[in-house]
Q: 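Following this message is one structure expressed as structure tokens.
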Amino acid sequence: MKECEFMAKSLSYENYPLTRVITIYDIVSADYVHETYTPCFSHRHDGAWELCYCLQGELLLFKNNQPLSLCSGEITFISPGTTHDSQITHDSTRAFLISFTCSDSYIKVLSNSILPVTSRQERLFQQVLDELELAFEPEDQKRRRVHFSPNQNSPVGSEQLICNYLEQIIIDILREITKQNGKPIPDKNFTKAVNQFLADNVSAYIRSHIREPLTVEKIAGEFHYSRSRLSTIYKATTGTGINEFLSEERMAQARQLLLEGQLTVTQISELLGYSSPQYFSRKFAKSVGCPPSLFARTSAPVKQENT
């Protein structure tokens with residue numbers, strides 16, 4: 001009988017580096033509010049994001065002194081370096097606020113957004129709360145933590161699960177905002193969809209703050225991007241530069257204000273952030289085809305006399 005020889009073949013394996021959309025590094029604070037009033041307390045996290053989730057009632061936030069209201073089932077993200085505080089105005093309100101450090105390549109697009117919470121995200125938030133209770137000793141009866149004392153009797157992995165559940169929440173949010181026809185988009189289209197969401201938010205921000213002195217630098221800071229990076233993304237996505245869009249929106253507001261007839265040209269110039277009435281008049285004439293004073297006289301609706 002012929003002896004069979006088996007030759008062991010050496011297989012070549014190659015490590016594959018898994019892509020990470022978001023990585024949570026540290027927890028900075030965690031605050032769960034239920035059936036209690038909390039005072040306004042102004043603070044900032046220079047290197048941490050804060051996720052604010054209103055479970056029930058209404059949560060009033062102030063971001064750089066600008067009020068923002070979260071209703072039941074809504075969340076928002078506060079970017080690093082933003083001075084902010086929160087206020088509960090009714091004892092039926094329940095809210096959860098947690099701040100953390102993380103990789104922020106994609107989370108930045110969620111700045112200045114108020115988003116609805118899905119049922120899946122609700123479950124993940126509850127798991128974060130459960131693991132916080134297991135992992136750390138409570139600081140007070142309000143379940144507020146700014147100093148974390150590990151619970152010596154916590155089950156293995158509680159701290160890691162807190163990070164994992166938070167990462168899942170953020171990934172799930174990113175999938176929701178980039179859905180097409182109700183379905184998650186392929187990974188290859190994700191960056192383009194995220195940039196579209198960012199550009200839409202920038203446009204909405206400009207429209208809602210157009211009667212303030214806006215600059216590209218200020219807008220970029222609000223979205224936690226550098227001026228050049230945000231400008232590049234916005235231009236590539238919309239085909240229009242931020243300054244160009246800002247100018248168009250200012251002109252639209254100027255026309256509306258002139259038609260209302262309640263403000264002078266100088267007041268409108270100051271309101272829309274122009275350096276001088278003369279500069280505003282030149283820009284307006286170039287855009288509309290006539291000076292603002294002439295536009296106001298010739299375009300205002302004619303009042304009908306009662307007969």
Side-chain angles (χ1 to χ4, degrees), residues 16-28 30 45 47-55 59 61 63 68 70-82 84 95-129 131 160-205 219-226 229-230 232-234 236-238:
Y16 178 81
L18 295 172
T19 301
R20 295 189 65 85
V21 175
I22 179 77
T23 302
I24 304 292
Y25 301 127
D26 303 297
I27 303 297
V28 178
H45 303 298
W49 287 82
E50 186 161 311
L51 173 53
C52 306
Y53 171 31
C54 182
L55 289 83
L59 176 65
L61 300 171
K63 297 170 60 177
L68 178 69
L70 285 187
C71 297
S72 177
E74 292 182 335
I75 61 174
T76 193
F77 289 84
I78 298 176
S79 56
T82 303
H84 63 283
F96 177 49
L97 302 90
I98 184 166
S99 57
F100 50 87
T101 63
C102 65
S103 59
D104 62 1
S105 296
Y106 288 112
I107 194 174
K108 292 187 293 184
V109 303
L110 302 175
S111 297
N112 295 290
S113 296
I114 296 178
L115 302 163
V117 173
T118 66
S119 57
R120 169 178 163 78
Q121 292 160 21
E122 285 180 2
R123 293 192 296 271
L124 290 168
F125 272 117
Q126 185 57 56
Q127 289 175 302
V128 172
L129 284 166
E131 294 301 329
Q160 184 172 345
L161 285 175
I162 293 169
C163 294
N164 288 346
Y165 292 141
L166 282 173
E167 290 170 356
Q168 287 184 59
I169 289 169
I170 294 169
I171 291 172
D172 200 68
I173 291 169
L174 291 170
R175 285 185 174 185
E176 286 294 320
I177 67 171
T178 56
K179 274 185 175 179
Q180 293 180 353
N181 300 321
K183 297 180 179 180
I185 63 171
D187 183 66
K188 63 181 181 180
N189 299 333
F190 178 70
T191 300
K192 181 179 179 181
V194 164
N195 288 345
Q196 184 64 60
F197 180 82
L198 173 63
D200 291 343
N201 275 3
V202 169
S203 297
Y205 179 85
I219 296 167
E222 289 290 330
F223 286 86
H224 207 59
Y225 279 81
S226 69
R229 180 60 180 156
L230 185 65
T232 299
I233 293 173
Y234 191 87
T237 303
T238 67

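Position 1 is the first residue of the sequence, and the numbers go up from there.
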Q: Are Ile22 and Leu174 packed together at the side-chain level, in the sense that at least one heavy-atom pair is separated by less than 4.5 angstrom?
A: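 They are not in contact (no side-chain heavy atoms under 4.5 Å apart), so the answer is no.
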
Q: Just checking Glu122: does its CD atom have more than 12 heavy atoms from other residues, nucleotides or ligands closer to it than 6.0 angstrom?
A: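 More than 12 within 6.0 Å, yes.
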
Q: Test side-chain contact (heavy atoms from CB on, under 4.5 Å) on Ile171 and Tyr106; report intermediate values, then the result.
A: CA-CA 9 Å; Ile171 291 172; Tyr106 288 112; over 6 Å; no

Q: Is the shortest heavy-atom distance from the side chain of Lys179 to the side chain of Glu176 under 4.5 Å?
A: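 Yes, close enough: below the 4.5 Å cut-off.
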
Q: List the atom of Cys54, the atom of Leu59, and the distance in Å for their closest heavy-atom pair.
A: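 Closest heavy-atom pair between Cys54 and Leu59: SG-N, 3.8 Å.
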
Q: Do the side-chain N and O atoms of Thr23 and Arg20 include a donor-acceptor pair separated by under 3.5 angstrom?
A: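 The answer is yes; a qualifying pair exists.
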
Q: Identify the heavy atoms of Leu55 and Ser72 that sit nearest to each other, and give their distance.
A: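 That would be O-OG, 3.1 Å.
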
Q: What distance do Leu68 atom CG and Thr76 atom OG1 have between them, rounded to the nearest 0.5 Å?
A: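 Output value for this atom pair is 5.5 Å.
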
Q: Using every non-hydrogen atom in the two residues, find where Glu222 and Asn112 come nearest and quote the distance to one decimal.
A: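 The pair with the smallest heavy-atom distance is O-ND2, 2.9 Å.
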
Q: Could you tell me whether the side chain of Thr82 reaches within less than 4.5 Å of the side chain of Ser79, counting heavy atoms only?
A: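 Yes, their side chains come closer than 4.5 Å.
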
Q: Decide yes or no for Val28 and Phe100: does some side-chain heavy atom of the first lie under 4.5 Å from some side-chain heavy atom of the second?
A: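 Val28 does not reach Phe100 side chain to side chain.
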
Q: First locate atom CD of Gln168, then atom CD of Gln127, and finally report the distance between them rounded to the nearest 0.5 Å.
A: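 With rounding to 0.5 Å, CD (Gln168) is 7.5 Å from CD (Gln127).
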
Q: When you look at Gln160 and Glu131, which way does the side-chain contact (heavy atoms from CB on, under 4.5 Å) test go after all the steps?
A: CA-CA 9 Å; Gln160 184 172 345; Glu131 294 301 329; over 6 Å; no

Q: Indicate whether the side chain of Asp26 and that of Thr101 have a donor and an acceptor atom separated by less than 3.5 Å.
A: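 There is such a pair between these side chains.
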
Q: Give, for atom CG of Asp104 and atom CG of Leu110, the distance between the pair rounded to the nearest 0.5 Å.
A: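 Reported value, rounded in 0.5 Å steps: 11.0 Å.
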
Q: Going through the checks in order, is the side-chain contact (heavy atoms from CB on, under 4.5 Å) test met by Val202 and Leu230?
A: CA-CA 9 Å; Val202 169; Leu230 185 65; 4.0 Å; yes

Q: Output the distance between atom CD1 (Ile170) and atom CD1 (Ile75), rounded to the nearest 0.5 Å.
A: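 CD1 of Ile75 is found 9.0 Å from CD1 of Ile170.
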
Q: Taking all heavy atoms of Ala199 and all of Tyr234, pick out the closest pair and write down the distance.
A: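 That would be O-CE1, 3.5 Å.
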
Q: Is the closest side-chain heavy-atom distance between Leu61 and Cys52 below 4.5 Å?
A: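 Yes - at least one pair of side-chain heavy atoms lies under 4.5 Å apart.
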
Q: So which heavy atom on Trp49 is nearest to which on Cys102, and how close?
A: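 So the minimum-distance heavy-atom pair works out to CD1-SG, 3.7 Å.
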
Q: If you take all heavy atoms of Ile107 and Ser103, which pair is closest and at what distance?
A: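 It is CG2-O, 4.1 Å.
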
Q: Is there a side-chain contact between Val128 and Phe96 (heavy atoms, below 4.5 Å)?
A: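 Counting from C-beta outward, Val128 and Phe96 do come under 4.5 Å.
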
Q: Compute both the distance and the angle, then confirm whether Lys108 meets the cation-pi test with Tyr225: under 6.0 Å from the six-membered ring centre, within 45 degrees of the axis.
A: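 Yes, cation above the ring, under 6.0 Å and within 45°.
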
Q: Show your working on side-chain contact (heavy atoms from CB on, under 4.5 Å) between Leu51 and Leu97 and close with a plain yes or no.
A: CA-CA 6 Å; Leu51 173 53; Leu97 302 90; over 6 Å; no

Q: In the structure I gave you, are the side-chain heavy atoms of Pro116 and Glu74 within less than 4.5 Å of one another anywhere?
A: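 The answer is no; the side chains never approach within 4.5 Å.
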
Q: Under 4.5 Å between any side-chain heavy atoms of Leu198 and Ile233, yes or no?
A: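 Yes - at least one pair of side-chain heavy atoms lies under 4.5 Å apart.
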
Q: To the closest 0.5 Å, what do you measure between CZ (Phe125) and OH (Tyr165)?
A: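 Taking CZ in Phe125 and OH in Tyr165, the distance rounds to 14.0 Å.
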
Q: Just how far is it from atom CG of Asn189 to atom OG1 of Thr178, taken to the nearest 0.5 Å?
A: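 Rounded to the nearest 0.5 Å, the CG-OG1 separation comes out at 9.5 Å.
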
